[in-house]
Amino acid sequence: MNDLPQVATAAPSDIAQLMARAHALAGMPLGWLASHAGWITPANLSRHKGWSGQLIELYLGASAGSKPQQDFPELGVELKTIPVTPEGKPLETTFVCVTPLTGLNGVRWEDSNVRNKLRQVLWIPIDGRREVAPADRMIGTPFLWRPNAIEDQLLRQDWEEITEMIILGQVQAITARHGQVLQLRPKAANSKVLTEAIGPDGARIQTLPRGYYLKTNFTAALLQQALQRSS
DNA sequence: CCATGATCATGG
DNA sequence: CCATGATCATGG
């Protein structure tokens with residue numbers, strides 16, 4: 001049996017230790033973990049959207065902060081919580097990273113931020129149903145994922161198509177409908193925020209910052225594979 | 001019903 | 001503003 005989860009006092013020394021910590025969280029409600037850590041559980045997440053992810057970081061020993069790197073750089077692992085139904089269907093897309101909109105000439109998929117972030121992901125499913133209070137939302141079975149050749153190719157295709165449009169000054173023509181498994185969407189405090197990009201005539205323009213997100217059809221397949229492996 | 005576009009909190 | 005952590009809210 002697993003020991004009760006504990007707030008981590010140091011980063012995990014290896015992947016086995018990281019996975020042991022993650023497995024200890026399975027079956028625990030967020031409210032228990034929060035109170036055990038001395039945190040207050042919000043009544044809803046509308047003004048605390050990153051709360052669950054930050055609580056899990058605390059228990060796994062991820063270095064908190066806003067560093068533009070993986071959560072466990074020494075292990076090469078990125079941490080992602082994902083809100084799911086009891087059947088294991090994702091309730092939201094998964095944010096990957098923001099993207100620069102200039103200076104992309106010559107950047108290859110192999111060197112992209114998206115690929116770096118997704119090389120190895122520790123997924124933590126959490127009940128994400130809005131009708132369930134955050135305190136009662138149960139954590140699911142974690143799994144470690146590395147893209148296989150097919151998944152890598154799907155991600156690469158979308159990234160290359162979207163990146164090409166950005167380079168050609170078409171960023172304002174990109175919608176969330178582009179891409180099979182990866183999409184580009186706004187990533188900002190509000191729709192007034194501006195960042196530098198390339199316009200249709202090649203000149204610099206100001207536009208809304210964008211980030212890459214995994215579509216739910218893609219993460220749904222990952223979750224189903226993990227369920228089948230564990231049954 | 002659900003995906004797209006919009007938004008919230010925090011630290012630097 | 002930018003990067004981290006994401007979910008909200010409404011139009012289609």
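These numbers were taken from a predicted model, which means no experiment stands behind them. Quick note: numbers below take in every heavy atom, side chains included, and nothing from hydrogens, waters or symmetry partners.
Using a 4.0 Å cut-off, no side-chain N or O of A:Thr93 falls inside it from OP1 or OP2 of B:dT4. Distances shown here put a side-chain N or O of A:Thr216 below 4.0 Å from the OP1 or OP2 atom of B:dA3.
The terminal axes of the helix from B:dC1-C:dG12 to B:dG12-C:dC1, fitted over 5 pairs per end, subtend an angle of 30° to the nearest 10°.
Between A:Thr141 and A:Pro125, the closest heavy-atom pair is O-CD, 3.2 Å.
In this structure, A:Glu57 places its CD atom 11 Å from P of C:dT4, rounding to the nearest Å. Straight-line distance from the CG atom of A:Leu91 to the C1' atom of B:dT4: 16 Å, rounded to whole Å. What separates CG of A:Leu101 from C1' of C:dA3 is a distance of 14 Å, to the nearest Å. Remark: P of C:dG5 and CG of A:Leu60 are 13 Å apart, rounded to the nearest angstrom. Atom P of nucleotide B:dA3 and atom CZ of A:Arg177 are separated by 12 Å, given to the nearest angstrom. As rounded to whole Å, 13 Å separates atom P of C:dG5 from atom CH2 of A:Trp39. For the pair A:Glu92 CD and B:dC1 C1', the interatomic distance rounds to 13 Å; values are reported in whole Å. Between the C1' atom of C:dC1 and the CG atom of A:Leu194 lies a distance of 10 Å, rounded to the nearest Å.
Within the 4.0 angstrom heavy-atom criterion, only backbone atoms of the sugar-phosphate kind lie near A:Lys117; the bases stay farther away. Residue contacts shown for A:Asp71 are limited to sugar-phosphate atoms, with no base heavy atom under 4.0 Å away. A:Glu78 comes within contact range of the sugar-phosphate backbone alone, with a heavy-atom separation under 4.0 Å but no base atom that close. Within the 4.0 angstrom heavy-atom criterion, no nucleotide atom of any strand lies near A:Thr94.
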Worked verdict on A:Val114 versus A:Leu182 for side-chain contact (heavy atoms from CB on, under 4.5 Å): CA-CA 10 Å; A:Val114 174; A:Leu182 196 63; 4.1 Å; yes

Pair A:Leu208-A:Gln172, side-chain contact (heavy atoms from CB on, under 4.5 Å): steps then yes or no: CA-CA 9 Å; A:Leu208 193 53; A:Gln172 291 172 121; over 6 Å; no

A:Ile167/A:Ile198 under side-chain contact (heavy atoms from CB on, under 4.5 Å): CA gap, chis, key distance, verdict: CA-CA 7 Å; A:Ile167 290 172; A:Ile198 308 298; over 6 Å; no

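Environment of CD in A:Gln180: sparse, with no more than 12 heavy atoms of neighbouring residues, nucleotides or ligands closer than 6.0 Å.
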Polar atom pairs between nucleotides 6-9 of chain B and protein, under 3.5 Å, N or O only, would you list them?
from: B:dT7; atom 1: OP2; to: A:Ser191; atom 2: N; distance (Å): 2.8
from: B:dT7; atom 1: OP2; to: A:Ser191; atom 2: OG; distance (Å): 3.0
from: B:dT7; atom 1: O2; to: A:Lys49; atom 2: NZ; distance (Å): 2.4
from: B:dT7; atom 1: O4; to: A:Ala188; atom 2: N; distance (Å): 3.4
from: B:dT7; atom 1: O4; to: A:Ala188; atom 2: O; distance (Å): 3.3
from: B:dC8; atom 1: O3'; to: A:Arg47; atom 2: NH1; distance (Å): 3.4
from: B:dA9; atom 1: OP1; to: A:Arg47; atom 2: NH1; distance (Å): 2.6

I'd like a table of atom pairs between the protein and nucleotides 10-12 of chain C - only N or O on both sides, under 3.5 Å - with the distance next to each one.
none

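In this structure, A:Asp127 contributes its side chain and A:Arg137 its backbone to no donor-acceptor pair below 3.5 Å. In terms of modelled atom types and a separation under 3.5 Å, the side chain of A:Gln228 and the main chain of A:Gln225 share no donor-acceptor contact.
Salt-bridge check for A:Arg115 with A:Asp152: passed, with a basic side-chain N closer than 4.0 Å to an acidic carboxylate O. For the pair A:Arg130 and A:Glu92, the salt-bridge criterion is met [side-chain N within less than 4.0 Å of a carboxylate O].
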